[in-house]
Amino acid sequence: MGIPGLLPQLKTIQKQVTLKKYMHQTLAIDGYGWLHRASCACAFELVMDKPTNKYLQFFIRRLQLLKRMNIKPYIVFDGGSLFVKSQTETRRKKKRLENKIIAKKLWLAGDRYNAMEYFQKSVDVTPEMAKCIIDYCKTHSILYIVAPFEADPQMVYLEKMGLIQGIISEDSDLLVFGCKTLITKLNDQGEALEISKDDFSALPKNFPLGELTEQQFRNLVCLAGCDYTSGIWKVGVITAMKIVKQYSEMDDILTQIKQTEKFRLSKTFRKEVEFANYAFQYQRVFCPVANRITTLNNIPGPLINSHAEKIKIMGCIGSVVEKGSGIRKGVIDTKNIDHKVHEMIAKGELNPMDMTSILLNREKKIRTRNLYKLDLPVGEFDSLNNKAKQLPVDAHHIMFKRDGSFGNKSASSFFLNSSTTVTDVVPYIV
DNA sequence: TTTTAGTGATACAT
DNA sequence: TCTCGTCACTAAAA
């Protein structure tokens with residue numbers, strides 16, 4: 001993740017801090033980062049589809065830590081995936097599946113200890129887990145938002161808008177997106193390292209990041225390798241810095257590299273760089289003030305004059321739901337975007353992956369399914385209450401399906417008026 | 001020396 | 001039907 005080898009080069013400007021420094025401030029939190037760390041503790045349960053509250057407990061502990069310091073958290077979750085990263089994601093998914101098979105094999109063979117290692121490698125952090133945290137945030141008045149796509153640009157946008165004063169994350173990509181105050185390596189004692197963009201000018205001569213323009217910085221990470229480019233073989237951040245200082249334009253860099261026999265360029269590299277520049281600068285974010293979808297930075301007018309260019313950009317910054325048709329595509333004109341749908345995604349009501357289905361809390365979903373499996377009598381199921389309603393509604397309502405059709409009576413009347421048991425219906429918590 | 005890429009150990013929890 | 005590992009150490013190349 002992020003830029004390999006970038007953080008070590010910033011060692012000299014990393015400030016050892018405690019959370020006390022941010023007292024009375026609002027800090028953005030990379031929700032996925034915390035979810036991922038927390039999921040190690042309950043990898044078995046997550047992979048085997050068993051209920052667990054351990055990852056929520058991890059959040060609760062950390063949120064209490066912030067509360068003691070009088071810090072207001074603003075949790076930011078990742079949303080949908082970008083088309084440009086689809087190949088990386090299918091590769092990871094395949095790897096997770098392989099690890100899952102190994103984990104189950106080891107577990108069945110009785111090698112519990114080694115099985116855990118592979119269970120942890122096969123955990124899949126899902127939006128449903130995020131929803132579990134979101135439900136906690138709602139009942140405890142904690143700020144949160146689900147980004148339309150990646151959390152990184154969303155957090156930087158909140159910083160630009162002055163809604164937060166710093167970002168808690170382990171991802172060095174944030175600096176490329178333009179983050180001003182990055183807080184990394186936060187531990188349970190409230191100690192962390194702070195990296196400020198303002199301190200770039202104080203970096204040593206061999207890595208003068210302060211002398212680079214934002215565009216040169218983006219070129220640097222593209223050469224060294226980032227989330228959107230595979231980089232160039234034998235080029236790390238130091239070599240990339242030398243190259244960028246010598247030729248500031250990417251076109252010059254590429255023609256120069258092609259002439260030398262020193263480095264080998266992949267066929268797709270030029271395209272990767274182009275895509276990366278779009279993703280870093282113009283990715284879709286949600287503005288919680290205006291309640292509308294926007295972009296991290298404004299897309300320059302001349303860039304989107306041609307239709308072909310338009311299509312290309314949309315794959316990099318994320319496609320949105322069109323107003324009226326409800327179809328997901330690369331809408332340019334903000335007037336034609338269904339902002340209401342995207343507001344529901346931002347609030348965690350709709351699944352950010354498909355942008356249509358209701359986002360369910362993982363633990364509630366599993367509890368309900370377990371009720372179904374347990375073959376409980378009607379009376380006990382009734383205690384969960386409730387009236388079934390048309391989509392979308394808030395949590396705690398139940399929809400149920402029988403003979404392939406949705407019922408819309410109250411659950412109690414449905415069960416009391418028939419001899420149905422829970423095994424006959426498929427309950428959904430909506 | 002400097003820089004890059006690969007390897008192995010390692011993981012959570014009150 | 002559904003989203004990210006990392007650190008310290010070492011060999012090897014420049």
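Chain letters run A, B, ... following the sequence lines, proteins first and then strands; every chain starts at 1. Predicted model only: the values in this text are computed from it and were never measured.
- Per the geometry, CD belonging to A/Gln87 stands 14 Å off C1' belonging to C/dC4, to the nearest Å.
- Here A/Glu150 lies out of heavy-atom contact (under 4.0 Å) with every strand.
- Using a 4.0 Å heavy-atom distance criterion, A/Val237 is classed as a sugar-phosphate-only contact.
- Contacts of A/Lys85 with the nucleic acid, taken as non-hydrogen atoms under 4.0 Å apart, are absent.
- Distance, A/Tyr118 OH to B/dA9 C1': 13 Å, rounded to whole Å.
- A salt bridge links A/Lys340 with A/Glu343: the distance from a Lys NZ or Arg NE/NH1/NH2 to an Asp or Glu carboxylate oxygen falls below 4.0 Å.
- Residues A/Glu170 and A/Pro352 each lie close to DNA chain C; by heavy-atom proximity, the contact nearer the 5' end of the strand is made by A/Pro352.
- Residue A/Phe58 has its side chain nearest to B/dA13 when only B/dC12, B/dA13, C/dC4 are considered.
- A/Thr239 has a side-chain polar atom (N or O) that falls below the 4.0 Å cut-off from OP1 or OP2 of B/dT4.
- Here B/dA13 presents its C1' atom at 12 Å from CD of A/Gln120, a figure rounded to the nearest Å.
- Nucleic acid contact for A/Glu117: base, since at least one base atom lies under 4.0 Å from a heavy atom of the residue.
- The closest donor-acceptor contact from the side chain of A/Tyr144 to the backbone of A/Lys347 lies under 3.5 Å.
- For A/Arg328 and A/Asp338, the salt-bridge test fails: no basic side-chain N is under 4.0 Å from an acidic carboxylate O.
- For A/His36, the side-chain atoms get nearest to C/dG5 when compared with the rest of C/dC2, C/dG5, B/dT3.
- Using a 4.0 Å heavy-atom distance criterion, A/Lys262 is classed as making no nucleic acid contact.
- Comparing the same atom, P, in C/dC4 and in B/dT14 gives a spacing of 26 Å after rounding to whole Å.
- Scanning both residues, A/Ala28 and A/Val76, for their nearest heavy atoms gives CB-CG2, 4.4 Å.
- When heavy atoms are screened at a 4.0 angstrom cut-off, A/Asp30 is found touching base atoms of the nucleic acid.
- With respect to A/Lys93 and A/Asp124, no salt bridge is recorded, no charged nitrogen being found less than 4.0 Å from a carboxylate O.
- Between the side chains of A/Gln14 and A/Glu194, no donor-acceptor pair of N or O atoms lies under 3.5 Å.
- Side-chain polar atoms of A/Gln215 and A/Asn219 form a donor-acceptor pair below 3.5 angstrom.
- Here A/Ser357 lies out of heavy-atom contact (under 4.0 Å) with every strand.
- As a whole-Å value, the separation of A/Trp233 CH2 from C/dA13 C1' is 12 Å.
- Look at CZ on A/Arg61: it is 11 Å from P on B/dC12, rounded to the nearest Å.
- Listed nucleotides C/dG5, B/dA11, B/dA5 differ in distance to A/Lys234; the shortest reach to its side chain belongs to B/dA5.
- Closest to the side chain of A/Asp171, from the set B/dT4, C/dC2, C/dC4, is C/dC4.
- For A/Lys93 and C/dC2, the shortest distance from a side-chain N or O to OP1 or OP2 is below 4.0 Å.
- Rounded to whole Å, atom C1' of C/dC7 lies 14 Å from atom CG of A/Leu193.
- Counting non-hydrogen atoms under 4.0 angstrom, A/Arg92 reaches the backbone sugars and phosphates but no base.
- Taking atom C1' on both nucleotides, B/dA9 is separated from C/dG5 by 13 Å, rounded to a whole Å.
- Nucleotide C/dG5 holds its C1' atom 19 Å from the CZ atom of A/Phe119, rounded to whole Å.
- The side chain of A/Cys40 lies closest to B/dC12, out of B/dC12, C/dT1, C/dG5.
- In the set C/dC4, C/dT1, B/dC12, the nucleotide with an atom closest to the side chain of A/Tyr32 is C/dC4.
- As a whole-Å value, the separation of A/Gln57 CD from B/dA13 C1' is 11 Å.
- If you check B/dC12, C/dC4, C/dT1 against the side chain of A/Ala41, the one that comes closest is B/dC12.
- Listed pair A/Lys185 / C/dC7 meets the phosphate criterion, a side-chain N or O lying under 4.0 Å from OP1 or OP2.
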